[in-house]
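A quick note: this is a predicted structure, and the numbers were derived from the prediction, not measured. In what follows, every chain begins at residue 1, and chains take the letters A, B, ... in the order their sequences are listed.
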2 protein chains.
Amino acid sequence: MMSDIAALAGVSESTVSRALAGSSLISEKTRQRVVKIAQRHGYAVNPAARSLRRGLSHTIAVMIPLRHAHNQHFSDAFFADMLANLADAVNARGYDLLLHRVSEGEANWVEQPIQSRRADGAIVIGQSLEHKALDQAAVRGVPFVVWGARLPEQHYVSIGTDNFLGGKLATEHLIQRGRKRIAFLGDRRAPEVGERHRGYLKALADSDIRADRKLQLEIPFGADEALRSLSDLVRSGVSLDGVVAASDTIAMSAIRALTESGLKVPADVGVVGFDDVAMASYTLPPLTTIRQEIAPGAVLLVDKLLAILAGEPAQSQQMKPKLVVRAST
Amino acid sequence: MMSDIAALAGVSESTVSRALAGSSLISEKTRQRVVKIAQRHGYAVNPAARSLRRGLSHTIAVMIPLRHAHNQHFSDAFFADMLANLADAVNARGYDLLLHRVSEGEANWVEQPIQSRRADGAIVIGQSLEHKALDQAAVRGVPFVVWGARLPEQHYVSIGTDNFLGGKLATEHLIQRGRKRIAFLGDRRAPEVGERHRGYLKALADSDIRADRKLQLEIPFGADEALRSLSDLVRSGVSLDGVVAASDTIAMSAIRALTESGLKVPADVGVVGFDDVAMASYTLPPLTTIRQEIAPGAVLLVDKLLAILAGEPAQSQQMKPKLVVRAST
DNA sequence: CCCGCCTTTGCAATCGATTGCGCAGCACCT
DNA sequence: AGGTGCTGCGCAATCGATTGCAAAGGCGGG
């Protein structure tokens, strides 16, 4: 308790509080003495008491909206990587990280942890199909930032990769390798994937390649569906020599589907993934993919959110994707 | 604020508090009225105030000790899966989940979030090399549970797979497939892996197969090292027809190393993984592996911890592993 | 030597909910 | 009618820290 430390230091509780908080009202000499005593006795301020008095929880909620593919989505290596990096970034700023699952169909899930005062602000990983809900929450002034696509006229701050460019790079790479029948695998309803898809179409158009509807598969993030859909496609006899996948997970699954259908990767079909998760370089064949800068992204997310919490203005930001060429193309 | 609700309901704050907490001191009629009013006004008790008064945070810390392979480890799909399931289980019990990174070399990291009153108890995923630190903390009475191996005379509660049996099953499976030169890949210093290794040795001994030191590779969890070590091994000309890997991640990496060295999986070498992460069934070839029951494990972890927090006795528990045969053997 | 100013510290109210204890009201019994 | 036992609710202290305001102490100037 603070009063114990105060007694030991021979000062009042106010002084201890201010010394520990680094207030300029306390002389350097006193502060050092107090701090030393607190350390020696293993004292740490009670966060509940502090939160109550200050009205701030000093905690950031991290949420992953998954209306459709529940755990599938979460266990995608990309989310795990992002979460690990967020944990580091949040802790590095002295904040705590509250991990919150978003239950299906829960109304105003974005603000729930905030208005219940459990967290000061939130970081949402991925827009999923929740853009509208997010936008409305932003209009209501809920402090949060999103990892995902930047959409026209959105009211919230988002950090993410330039997905359009990423999709374009992936597709152009295949085209340069001489591919003309290039499939796109991903759930375009998710804004990030939608952008990647637009990039894909643009690259095709730039090279005067006709975009074939049959080659554009609507696949929720899960690898299951990718596997089945692609197998079906190949079996249907449609010609195909390239695949742009919306995630590395889908890409790996696609490689398996192709191989089991008797097609060789990369000889017959080139496959490009998206994310460059750790696993991407260990698969067989190692995956050509579009790298997203997760670590800097995590830091940006945290810093933007803290800026918003401090009342400063914050802008959305897009990071440049990078093509990483490996053996799958 | 509670006083607002009290005023609206025409009762005292005490009554509101008790009604919302479901105290038996309040008549059913009054409780319902109060609850309804609270709901209509979107009122939720201030967690900071409650924590302060009750001395409990109603929060569980989840920690992943990673002295050696920092993020590598975390991004292993197994941890992500476990974390996702823990988030569900913890939230289902009405608790909050605080995700805490364990900084390198930090002293008494287990109790830190607890004695700072940020969490009531902790769940540690994986013993890593921290068994001693964990055991000491348990002796000091820190409330926590661990996912990992059960060691002789340990003082903490652990939930986990029967790793010895798992290692034995994996190895026996390869032996049944006619393999005799079976390698083991994993960091045996981690208790879970050590147990798996003992199971491996037991299976070999039971079949009168000599265990060859050269085939037992000390590999930290990362896939990098697995790839290199195994490539080196193959290049050195040692004969080899089976691999037992300490994780699916290592197994995948091993498959790539073998394939690139000109060996075919499963024709020349059979590979068995451990965990059965989602990705394991999508790789090429799909991975034969030892399945760990993550979801029930997560629920057990949470319930045991809550039991400990409630002052009830709790026992360690081992779950039966299951061999899942796919195409890699 | 006295006064006023600045620096440093302490007093006490406050954040929002919980809970031990006491009391009012009512039913029931003798 | 008075006594007894419950049930249901309110009073007020309390959890541990923060902070506006006041005051004490030190210092220099007149």
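Checked against side chain to side chain donor-acceptor pair (under 3.5 Å), A:S158 has the following partners two or more places apart in sequence or in another chain: A:Q154. Under the side-chain contact (heavy atoms from CB on, under 4.5 Å) criterion, B:E153 pairs with no residue at all, not counting sequence neighbours. Every residue two or more places apart in sequence or in another chain that forms a ring-ring contact (aromatic ring centres under 6.0 Å, His included) with B:Y95 is listed here: B:H58. By the side-chain contact (heavy atoms from CB on, under 4.5 Å) test, B:A48 pairs with A:S51, A:L52, B:N46, sequence neighbours left out. Here A:D303 pairs with A:R93 under the salt bridge (charged side-chain N to carboxylate O under 4.0 Å, His left out) rule; sequence neighbours left out. Applying the ring-ring contact (aromatic ring centres under 6.0 Å, His included) criterion to A:H100, with sequence neighbours excluded, gives no partner residue.
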Dump every N/O contact between nucleotides 22-28 of chain C and the protein below 3.5 Å, one line per pair.
none

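Among residues at least two apart or in separate chains, salt bridge (charged side-chain N to carboxylate O under 4.0 Å, His left out) pairs with a member in residues 135-147 of chain B are B:E111-B:R140. Pairs of residues two or more places apart, or lying in two chains, that qualify as salt bridge (charged side-chain N to carboxylate O under 4.0 Å, His left out) and include a residue from residues 112-123 of chain B are A:D96-B:R118. Judged as a side-chain hydrogen bond (donor to acceptor under 3.5 Å, both in side chains), the pairs with a partner in residues 20-31 of chain A (not counting sequence neighbours) are, in order, A:S27-A:T30, A:E28-A:R31, A:E28-A:Q32.
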How does each nucleotide of nucleotides 14-24 of chain D score, in 5' to 3' order, for protein heavy atoms under 4.0 Å: base (B), sugar-phosphate only (S), or none (-)?
-> BBBBBBB----

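Fit an axis to the five pairs at each end of the helix from C:dC1-D:dG30 to C:dT30-D:dA1 and the two axes sit 60° apart, to the nearest 10 degrees.
No more than 12 heavy atoms of other residues, nucleotides or ligands lie within 6.0 Å of CD in B:Q315, so this atom counts as exposed by the packing criterion.
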